[in-house]
> 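This is the structure, below, for whatever I ask next.
We count ligands from 1, going down the list as the structure has it; atoms in each ligand are counted the same way. Along the sequence shown, residues are numbered consecutively beginning with 1.
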Amino acid sequence: MSLRFDLLPPTIAEAHQHFEAWVSAAQDVNDINRLKGVFIGRKASHLTLLTDLLKQTPKESKADLGALINHLKMTWETALSLRLEQLVSASASSSVDLTLTPPVLPQGAVHPIQRLEVHIVSVFRTLGYHVEEGPEVETEEHNFDGLNIAPNHPARRSSDTFYFEAHPHLLLRTHTSPVQVRVLKRLSQKNSQGVSLLESLGGIRFLSPGRVYRKDEIDPTHSPMFHQVEGMLIGKNIGLQHLKGTLSYAMKALLGADTEVRFRPGYFPFVEPGCEVDVKCPLCKGQGCRVCKSSGWIEILGAGLVHPHVLSHAGIDSTAWSGFAFGMGIERIAMIISECPDLRLFFENDLRFLQSMREVR
Ligand code: PHE
């Protein structure tokens, strides 16, 4: 049966003649959708016009017109979806090169100072220490008075310590030791039966890592802000043997099992006796190198038995309780472990430096 194209209204006949040319001229999805609307869309398209026409057509030509409409519908739909497929695959192949290696996205990591801090805390956690935190904006009382630091002590000078102009008794803490005072004061508080928190706990041991501030000029070994970790243990009959045992164990866990530790007398107002703790240089193993300035030893922390004044200032009976405390600089230990001679690198956040530090354990 041949198709009766003569039954088409002239406008549609003409449009159909151009149909193929229009389809091949379509450049994108929008062009295709526009053509779809004109030819086979639901509203006022050539197809809907033809369907309306079919209703009014006399019986004798209904079958012919119906066959023609079906043919046109098929033709238009097929051609449009074919062209759409062509366009989609062409645009995909021009913008995506499947042979290219994908870009390697940079991966973030914990900052080396933070990582070392976490490591130090984890070593002491195995010994039953928990973490206490204190504010970086401190009172003179917590930072100095409560630590038995004399009113005329040079560390209090405004040339060494950052004070707040509007609040002369507030300062940026110069060490993490004020956390000792805060915790001890809390422990001295008594319940309704008159029993102090310290008594009901039977003692305490904690670590307190954090930022500290001093008016130091920036140079390879100084920064106005750096990190310390404070440690404190309070109990009954605590002596230097407990301090030595604890710190010797911790330094070996931190720097390696073959680490040798040395205790020298040292002075800090808040401990008595006080000591400075050195480790055998982990880099040259005591032979003498640039890092240990040829001495074979590196001073790594300050420590001592808690001064009775510190206990009594906080309201704790210094005849019943005793303890030890220690403090270390995190950057200092990081510099030793990583053989990094310049402290500033830890704060500049040059990604090349941070990347190289990822290899250091
Ligand atoms: N706070 C001391 C400092 O900053 C370190 C220290 C802490 C010393 C505890 C003894 C006991 O240098």
> Is the distance between the ring centroids of His307 and Phe270 under 6.0 Å?
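Phe270 vs His307: aromatic centres not under 6.0 Å.
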> So, for Phe144 and His169, is the gap between ring centers shorter than 6.0 Å?
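They do not qualify: ring centres at least 6.0 Å apart.
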> Is the gap between the ring centers of Phe346 and Phe353 under 6.0 Å?
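Yes, close enough.
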> Find out whether Glu117 and His111 are in side-chain contact, i.e. whether some heavy atom of one side chain is under 4.5 Å from a heavy atom of the other.
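Side chain of Glu117 against side chain of His111, heavy atoms only: no contact under 4.5 Å found.
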> Which pairs of nitrogen or oxygen atoms, taken one from ligand 1 and one from the protein, are under 3.5 angstrom apart?
from	atom 1	to	atom 2	distance (Å)
ligand 1	1 (N)	His175	ND1	3.0
ligand 1	1 (N)	Ser177	OG	2.9
ligand 1	4 (O)	Arg214	NH2	3.0
ligand 1	4 (O)	Gln228	NE2	2.9

> Hey, are Glu140 and Arg173 close enough for a salt bridge, meaning a charged N less than 4.0 Å from a carboxylate O?
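Here Glu140 does not pair with Arg173 in a salt bridge, since their nearest N and O are not under 4.0 Å apart.
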> Are the side chains of Phe324 and His242 in touch, meaning some heavy atoms are under 4.5 Å apart?
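Yes, close enough: below the 4.5 Å cut-off.
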